[in-house]
Amino acid sequence: MELKIESASMKHKPNQSQFVADLKRLRRQKLLLLMSIPFVIYVIVFSYLPLWGWLMAFQKYKLGSNILNNEWVGLKYFRELFQDDMFMHVLRNTLAMSIINLVFGFVSSIVLALMLNEVRKVFFKRIVQTVSYLPHFISWVVAANLIMTIFSLDGVVNTVLLKLHLISEPILLMSEPKAFWWMIGLTNVWKEVGWNAIIYLAAMAMINPSLYEAADMDGAGRFRKMWSITLPSMLPLIVILLIMNIGRILDAGFEQQYLLMNTMVVDYAQTIDIFVLKYGINLSRYSFATAAGIFKSVISIILLVMANQFAKRMGQSRLY
């Protein structure tokens, strides 16, 4: 009997010691916890409290009425959404542009970071960094006007192509329906590649220099060091960012497509966000618009969980 009591008390001691250790850790980090309070409040107010509005998707909502006093219609607006040919059309556009942006954005930012990491002239490196991430701070309103001017009939692109005799007459690329998705991908790279490369450069700065010194002693060149040291060291970060971007696969954008599209490419330019605005909010179909938003959020969560589980099975870093 005494042995049983003693063993039971010994089981509780590790739990108590762990609890005390956690309390001490919280006390040491109390300033960080206090600093995080405004951000927690921000997330609760702007991300969780609005979820109350999801009830509109299951109601025949009338503007200005109490959300609990409307007629409940079940999944009516979800059925309308999935039976709408236009929604399937914009879903195709959203997936196509998201995949193009994902591939182009990832590859270009990693390549730029690798190239900048190999530059030995600090002054030149800083200039390239500044020039590359400066477009990130330009609003899409200004950027769209620049892009339309550059690719206009008398713009820089057509002028250069005519001088090089690559084309016989000017081409209005922004009005080519089949080229619009690729133009979205290229312009998105131009605007965000420098900004996205910053986090990879930060990860490269954390790599142990002794690894490169050992590689130099073995006679490895720059390309071999990038392939065998830099990229494997960045792999956990790349996987984490890839998982997060897969979760945003239905978030192809709004401003970029809305500002760059015209009547010639409207069938290829509309995304889910534009669809919600045009065929939901503008037509006072708030319940229908809410249903489309719920679909987008639920699919994003499912994709995020699936990508995280796949990374876990592959033995890679994951979000949780």
Side-chain angles (χ1 to χ4, degrees), residues 50 53-54 56-61 63 73-106 140-141 143-145 147-148 151-152 171-192 242 244-307:
W54 278 15
M56 288 191 298
F58 308 97
Q59 299 175 333
K60 190 176 181 180
Y61 179 75
L63 188 64
V73 295
L75 300 177
K76 173 186 175 181
Y77 294 106
F78 289 95
R79 288 192 291 268
E80 289 184 6
L81 184 68
F82 299 137
Q83 292 171 1
D84 193 325
D85 293 334
M86 179 59 69
F87 177 73
M88 296 301 167
H89 196 73
V90 300
L91 181 60
R92 179 206 65 176
N93 296 343
T94 301
L95 289 173
M97 284 184 277
S98 291
I99 293 173
I100 291 173
N101 286 337
L102 179 63
V103 175
F104 281 16
F106 250 83
W140 269 115
V141 176
N145 281 280
I147 293 167
M148 296 296 289
F151 289 99
S152 63
I171 302 174
L172 194 57
L173 290 173
M174 299 307 298
S175 295
E176 292 290 333
K178 295 183 179 179
F180 187 80
W181 292 346
W182 304 101
M183 295 301 297
I184 288 293
L186 291 174
T187 54
N188 189 68
V189 168
W190 163 74
K191 194 171 186 300
E192 302 295 339
L242 182 60
M244 295 175 65
N245 279 276
I246 289 175
R248 294 196 296 264
I249 200 73
L250 293 183
D251 190 15
F254 173 82
E255 289 181 322
Q256 183 182 9
Q257 290 82 358
Y258 191 79
L259 293 169
L260 291 177
M261 74 176 180
N262 51 64
T263 55
M264 300 291 292
V265 298
V266 66
D267 291 336
Y268 288 82
Q270 294 189 95
T271 61
I272 293 179
D273 294 332
I274 297 176
F275 174 83
V276 169
L277 175 66
K278 291 181 64 176
Y279 301 99
I281 298 175
N282 286 351
L283 299 179
S284 299
R285 302 171 67 191
Y286 301 107
S287 299
F288 183 78
T290 305
I294 290 176
F295 168 80
K296 177 181 173 182
S297 299
V298 171
I299 295 300
S300 298
I301 293 172
I302 293 173
L303 290 174
L304 181 67
V305 173
M306 290 176 61

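We're numbering straight along the sequence, starting at 1. Any value given below was found using the heavy atoms of this structure, including those in side chains, with hydrogens, waters and symmetry copies removed.
Side-chain contact between Ile184 and Leu260 is present, with heavy atoms from C-beta onward closer than 4.5 Å. No side-chain heavy atom of Leu173 sits under 4.5 Å from any side-chain heavy atom of Trp182. Put simply, the side chain of Asn188 does not reach to within 4.5 Å of the side chain of Phe104, judged on heavy atoms. The side-chain heavy atoms of Ile249 and Leu102, taken from C-beta on, include a pair separated by under 4.5 Å. In this structure the side chain of Leu91 reaches within 4.5 angstrom of the side chain of Phe295, judged on heavy atoms. Two residues are said to be in side-chain contact when any heavy atoms from C-beta on lie closer than 4.5 Å; Thr271 and Met97 meet this criterion. Residues Phe288 and Asp84 have side chains in contact (heavy-atom distance under 4.5 Å, counting atoms from C-beta outward). Side-chain contact between Asp273 and Asp251 is present, with at least one heavy-atom pair separated by less than 4.5 Å.
Phe151 and Met174 make their closest contact through CB-CG, 3.9 Å (heavy atoms, listed as atom of the first residue, atom of the second, distance). Contact record, Asn101 with Ala252: ND2-O, 4.0 Å, taken as the closest heavy-atom pair. Looking at every heavy atom in both residues, Ala289 comes nearest to Val276 through CB-CG1, 3.7 Å. Closest approach of Trp54 to Thr290, counting heavy atoms only: CA-CG2, 3.9 Å. In terms of heavy atoms, Leu250 sits closest to Leu95 at CD2-CD2, 3.7 Å. Between Ser287 and Met56, the shortest heavy-atom distance links the atoms OG-O, 2.8 Å.
A distance-only check finds no donor-acceptor pair linking the side chain of Trp181 to the backbone of Asn93 [under 3.5 Å].
In the model, Lys278 has a side-chain atom that pairs as donor or acceptor with a side-chain atom of Gln270 under 3.5 Å.
Take Trp140 and apply the ring-ring contact (aromatic ring centres under 6.0 Å, His included) test, not counting sequence neighbours, and it matches no residue. Under the side-chain hydrogen bond (donor to acceptor under 3.5 Å, both in side chains) criterion, Arg92 pairs with His89, sequence neighbours left out.
Rounding to the nearest 0.5 Å places OG1 of Thr94 at 8.0 Å from NZ of Lys296. With rounding to the nearest 0.5 Å, the separation of OH in Tyr61 from OH in Tyr286 is 8.0 Å. Atoms CD1 and CZ, from Ile272 and Phe87 in turn, are 5.0 Å apart once rounded to the nearest 0.5 Å. How far CZ of Arg248 is from CG of Leu303: 12.5 Å, rounded to the nearest 0.5 Å. Note that CD of Gln59 is 9.5 Å distant from OH of Tyr77, once rounded to the nearest 0.5 Å. Here CE of Met148 is found 7.0 Å from CG of Leu172. Values are rounded to the nearest 0.5 Å.
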Just do the side-chain contact (heavy atoms from CB on, under 4.5 Å) check on Met88 and Phe82 with the steps written out, would you? CA-CA 7 Å; Met88 296 301 167; Phe82 299 137; 4.2 Å; yes
side-chain contact (heavy atoms from CB on, under 4.5 Å) between Ile147 and Trp190, intermediate numbers included: CA-CA 10 Å; Ile147 293 167; Trp190 163 74; 4.2 Å; yes
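Ring geometry for Phe58 versus Phe78: interplanar angle of 30 to 60°, hence tilted. Using bins of under 30°, 30° to 60° and over 60° for the plane-to-plane angle, the ring pair Phe254/Tyr258 lands in the parallel bin.
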